[in-house]
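Heads up, the thing below is written out as structure tokens.
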Amino acid sequence: MQQKIIEKDNLKKELEKKAEKKLPKDSLAKEWFNTESMTLTTRAYLLDKLLPTLVPGVEKMLVQLEKKTLSAKADIPIKFDPINYLGEYLMRNNPYYIKDQRMSGYQRVMKDVTEDLKIHVPDTICNRISKMKANVKQKRKQREYIHTVKTKVVGMRKHALEEQFDEWILDPKGKIPMIVIQNAIRDFFQKANLDLQAHWKELSIIESTEPGLNKLEFTQYISSHIADLKSEFFEEFLKHLCHCAGEFREVIKTDMRKQMFAELFLHCDRGKVERLDRQRTLALLEAFYDKSSQMVRSLLRNPRQWPFLEFKEIDLSEFWGDTDIQRHIYEDFDTVLLEMNSRKTQSKLLENPEDQQKKHDKWQKSIPPPNSPEQEIEMTVEQESQRISTEEQGRMSTVEQELNIESITEQEILAKLTPEQGLSRELIEQEPHRGSITGQGQRKGSTLGQESHRVSASGQGSHRGSTVQQGFHRDSIIEQEPHTELIAEQESQGESMIGQEPQRGSIAEQESHRESISEQRLQKGSIAEKGQHQGSTGQSQRKGSTSGQGPHQMSPSEYDSERELIIEESEKESYTGAFSEEQGIDETSLSGGGSILGESAQSRDPTLSEDSEIASQEERSLEKTDEEVHRSSEMQKAVPTSRRKDLSESSRAGTKKDKSCEPKSPKIEGKSWSGEFFNCIWRTKYVKFEDEEQAKLIYGNSRFTELHSIIRNIQSYKEVKGRSAFNGISFNLLQFVQLLETFVGEDTPLSISEALVSFFKRGYVETEEEKMSALEEVRQNAFRIRRGLLLEALFQKWDSDGSGFLDLKEVDKILYSYKEGMEKEAMKKAKLHIQFPKPRPDQEVRLSSKQFQKYIELVVSELRGNEEQSLESVVEFLMDTLERSHIESLRDCARRKWLHQIQYAAETSGVSLEPVYTETFKVLTQDAEAHGNKKISAHISLLEENLLLQERGNVLLRNVACTLDDAPFVLNKVLYRDMKGISFTVVDEGVPIHVPQVQYHGNIFFWNNSRNEDDRNGSFLALPLQDEHMRIFGVLAVDTLRDPREINIFLPHEIRFYQGVASVFSTAYHYVHSREHILHTVVTGIGWLFNITPAITSITTYFVEPSPDQVTDYILRDMMVTGQMGLTEIHTNPPVISRKLCIFRDFLFKCTDSSEVVLASTCGETHIVIPLRERTGEALGILDVNIGHTRMLLYQEYKDLQKMIKMIQAACDELLGEFSGEIKKNFVLEMEKLGEVQRAGILFFRTMLQELQDGLQRLNSMDFVSLLLYDHNLQTEPENTKSQEWEADVNLVHDVLRAVVLFFHPDVEFSSDFKNWDICKFYINRYLVEHICVFDPTALQEEVNLQLINEHIRDHSRIEVWKFGQVAIELLYHWIHVSLALMELKKKANTGIIPPLPSKCDKYIYTEMPGRILPGQS
């Protein structure tokens, strides 16, 4: 049926088409179309209903009328009525009754007009349909347009990504590791300044580095993650990828260097002991450093300074009193700055005092202090360290060369016009990110880019680290060394003023204080555009005013200008020495002074001698190194900068492609990448951990088959794997490689590393006695570890219920039967050398795991024969003697796993006790259900001092945690001594108490008063919670009141297991609190440092935690970060980072792996990563000190950082030793007795106070006598610079000594003689140091005028004391401030120093040091 209708319609359409061909349309009908609103509805109705029939009828009527008229004229009678005819026609042609009426051409056009007119009639179906069709059509066009645009954008983005792919270094298969791209994408979306979290799609980061991406896969993979990015964000993403490509090239280069050093370790480890002597290694580094050329030494780090030396190896007087800037980790780091200060002072003396004051005020307003790193100008120069061929240099276009020549010419002119302005501050502002020697790209701050910066400084971007427009922001290290006059002139003011680092400052920012006022205003505006950087005025203020720290504040451009003048002078004086040595070509100059090859025979160590063939090889290597260093400097002036093409076609014509983002050489300094990450495979291929090796040996020994499963569990339950312990005697592979990486730095070419390797291979020589001694030491260490594993496994087999202790009587009973009692006397002798715990009330002596191991070790040492064989025999005898059923074995295995979960919860809690409480109750419930068939309730009560109701007892028990069902009745409730209960009996006696039926006991306190007495059926068990010193700090209570059975007592094996739970909980509890106290100490130390060291951008504190999976060894938890204003942000839900997420920031894990200090850079910022060590030497956490875009801190700031680290590490050792029971608490100050939290809050200052007291005791009387010679009356010279310095020194000495006297003689402030120095100096006698060493700032009986003491020292800055350079003043100055800080903390003991304990909530908590009285503040 439907088919017939369709056919009929088709036939109708065909007939209409034929009719249209026969009858053409009559356009006259179009005149009916009129959209006038007044007649629109009527017109549409008539055209639709009437006119299509009426018009043809009228037409025919007129035809008939015409015929009738003609007949009438012919005298033919007619009778014709037009109206009747028209009416008849209308009736005959009614459209309702006539189907398929043929239409004329006029009617057909009229019908079309009608349809068009209906569209304009409002509120009709046609009108609505027409509007809908119009909207649909418009939307369709929009979609098509959008699709076209998206397709075009996608195509352009894919094309841009394809171009960007060529910037990466590829493996031999032409691929990039997927994990690298994943890290790059993740880092981009994690940028806080872009706020792209809404576009972030969670990435599943792979573990392996093997999967790679070719160009097509690279484009598709990235496109799938950035499809929703806007154009401006995509451009930022391209810049980010360019930066990551350069970073990845440096990662590969570091990987090559690491492999080189690892092979060196294996070569030097001829005895295969997997250890190298530390002192010999450091001596070789010192020899290599001393015999290197001046240029090479500028790239290396001084091995005689921290972090190469440990704090205990540095003399105390040297640690506090060493102000020799030549001993910095970088040679001559502060020399140029001091020389500039001297020149500026001399020049200002020649000026009018009024003009001098105006210029000084104007300069202070426009330029921030030089200690603010972000305000210092840095060079954005990256150089190619590999040999650039002549062909590659010839690829530069003629136009670019001309621009380059013109730019250099202008640089020379500018340098001559203003020789003291403009140089970028390489030495102070040197960015260790990637140096000029090892940079992989071309020069970023080229002359072409400099020309554009001269035209407009406002067009400079603010993106830091961008390589698309600015390059990788890498500084030139080679500028630290002497060059020719041409190089000095070309690297003078022009490079700084033309703005090679846009975000660091525009042209106006780099002008000196002698520029015009308008330029200074421009400089202020440029600084304001920088945002919240470290060097901003606000941040410099938060770190203390530095205006009083010197006679004049210098701009970075002044510093660099002065530096170049000094370099030029040094070149003229030592042209034949240093400069010829710098060229690295003349063998004669290389054999001169300073070079490794040029040392005299008298200066050579006999142990470091080498044959002539190896010497010639090293000579060629060093010659090549110096040549590369010099060539990289020349490259700075030869490579122009261009810009990447924009995505939009309109901007492509006006921009040039940046060479930093052009395809680079597939080789690194002429070496190809193998495609493997040595950093990922060397831990499995080379690094071995002795406990794992010994465990494998035990697995292969059939004598201990029963212990294999226990040892596997011990290894799997190990806290944190993969860390190396620092012992100060030797280096393992990880530590050796890291030490050499720290020595050579990131900026040196591989040729220097090759020279170092060659030097080590010849110099590291061991005697046969040393080799045998090392082998014996390794054997003993292996035996010690194997013995520990065997005895721990034996203890766990014996302690089948997981109680955590063994009965000494049972142990002796079995031991005495060894060899049928023949060794009984030897075992009795062993007891004389060990101190057992005190017997319990039931005369039971309990041995913990450590005590059991020590006891067996002593027993074995008393036995005759080989110690190793004796140990294995004793362990085998005890293992075979102990018999356990299969059920006991299964139960013990389950309980060990549950107990480990409690400790694991503490280690992964982020310093929070909530997970520990939760896991403890979970373990108790699981064991009760599985092994006791019980339903239990439990709660934990901790002892507190009773401060409110002391008549009810000195202490109380507060319920801090409980099972969920009991929370309304138990949580936060308090139990006093005068209340019913057995908990205080447990506290007093220290033994568990089991009440089988509580309803008959009569001394049980029921927290739930609503429970009927008939329902109070069940058992109750109370267990003491003890620390490592056997001090009780709480009670763990378990009951079965909720169990439906009437009688349900605890069995002996359950009670023993609950004792084990209490023991593990106590360990976990103190583990969390030890970390909390360490955080508290770190907060105090960082607050002290931030108040005296303004150059530090931020300090982030991480703790090491075991990994939740078995693939990785550990993770790092970001606990807190100290940034702006010295405010510490403590993360209450701390985030974690894993190794696979840190391809570009692996220095955090390098520090943790080796437990050594790491100096690294990322995103143009320098990081000093410092480990916080356990007492065993392993890293428990790290401090990531970010010093911003500077190469290194000034020497004074660097020494203050060392002071902070030394105090924090000493405090950590003390805290960890106390919590582990190794040492007893030592209360030095009165305030330490107020509580644990208060003690942790002052431990940093107490440790520093003891250090200062020790240092003062080591001083002799002449150190103080020399201070008394500083007197105003001794000044006889006329007013000049020296006299002013003498006056300042005298004021400093007098004020410091007077402040010290006021601590012990507060009444002299009212004496008129106190201002008379001749009388006051009599208080400086031999008893002063004695008073200082016994002085307790927190236990003063008399009031000390703190305000008056502050008035004496507040005008003397930290810089002034440092420049004075007298160890006694240095120690006394810090002693005064530490004492004042402790007094302030004493006043705020209950409110000012208590940091929050992090809890599991999505919030941040801020804390800072109370008061502002630390050094450097006024």
Side-chain angles (χ1 to χ4, degrees), residues 142 145-168 181-201 203 218-247 380 444 449 452-453 455-473 499 501-504 506 525-526 528-533 641-662 1144 1163-1164:
Q142 291 178 353
Y145 176 77
I146 293 174
H147 177 72
T148 303
V149 172
K150 284 186 176 181
T151 303
K152 186 177 180 180
V153 170
V154 169
M156 289 191 295
R157 289 187 176 185
K158 286 185 178 180
H159 179 69
L161 291 174
E162 289 174 356
E163 289 185 350
Q164 212 281 330
F165 179 84
D166 297 331
E167 300 167 17
W168 293 78
I181 303 303
Q182 290 178 329
N183 273 265
I185 295 174
R186 182 182 180 276
D187 291 345
F188 177 75
F189 282 96
Q190 294 296 325
K191 287 185 177 181
N193 58 330
L194 297 180
D195 192 18
L196 295 174
Q197 295 295 331
H199 301 276
W200 168 244
K201 298 178 182 178
L203 272 177
F218 172 85
T219 304
Q220 293 176 348
Y221 185 81
I222 293 182
S223 298
S224 64
H225 289 87
I226 63 169
D228 299 334
L229 283 185
K230 296 181 180 179
S231 297
E232 58 270 21
F233 290 141
F234 179 74
E235 293 177 5
E236 293 294 331
F237 180 71
L238 284 181
K239 298 175 186 178
H240 174 74
L241 284 183
C242 282
H243 175 77
C244 290
E247 290 285 332
T380 57
K444 304 303 181 288
S452 63
H453 286 304
V455 176
S456 173
S458 62
Q460 299 171 344
S462 61
H463 178 66
R464 191 178 301 274
S466 166
T467 59
V468 177
Q469 296 178 357
Q470 303 168 14
F472 292 126
H473 294 225
E501 175 93 353
Q503 75 280 8
R504 282 206 170 271
S506 62
S526 175
E529 292 174 358
K530 294 179 182 178
Q532 299 297 327
H533 292 296
T641 299
S642 57
R643 300 176 60 88
R644 170 179 289 274
K645 295 182 179 180
D646 194 85
L647 289 177
S648 60
E649 295 181 357
S650 60
S651 60
R652 290 183 181 179
T655 57
K656 284 184 173 291
K657 193 169 184 178
D658 193 345
K659 286 187 176 293
S660 65
C661 289
E662 288 183 354
F1144 303 113
C1163 299

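In what follows, every heavy atom counts, from backbone to side chain, and hydrogens, waters and symmetry copies are set aside.
Donor-acceptor pairing under 3.5 Å is recorded for the side chains of H159 and E163.
Note that CG of D187 and CD of E247 are 10.0 Å apart. Values are rounded to the nearest 0.5 Å. Rounding to the nearest 0.5 Å places OG1 of T151 at 11.0 Å from CE of M156.
Across L229 and R157, no two heavy atoms sit closer than the pair O-NH2, 2.7 Å. The two residues L161 and F237 have their closest heavy-atom pair at CD2-CE2, 4.5 Å. Annotation for Y221 and Q182: closest pair OH-NE2, 3.0 Å, computed over non-hydrogen atoms. Counting all heavy atoms, side chain and backbone alike, F1144 lies closest to C244 at CE2-O, 3.7 Å. Here the shortest heavy-atom pairing between C242 and E167 reads SG-OE1, 2.9 Å.
Here K150 pairs with I146 under the side chain to side chain contact (heavy atoms under 4.5 Å, CB included) rule; sequence neighbours left out.
Annotation: side chain of F165 is not in contact with side chain of T219 (no heavy-atom distance under 4.5 Å).
Ring-plane geometry between H240 and F188 is classed as tilted, the angle between the planes lying from 30 to 60 degrees on a 0 to 90 degree scale.
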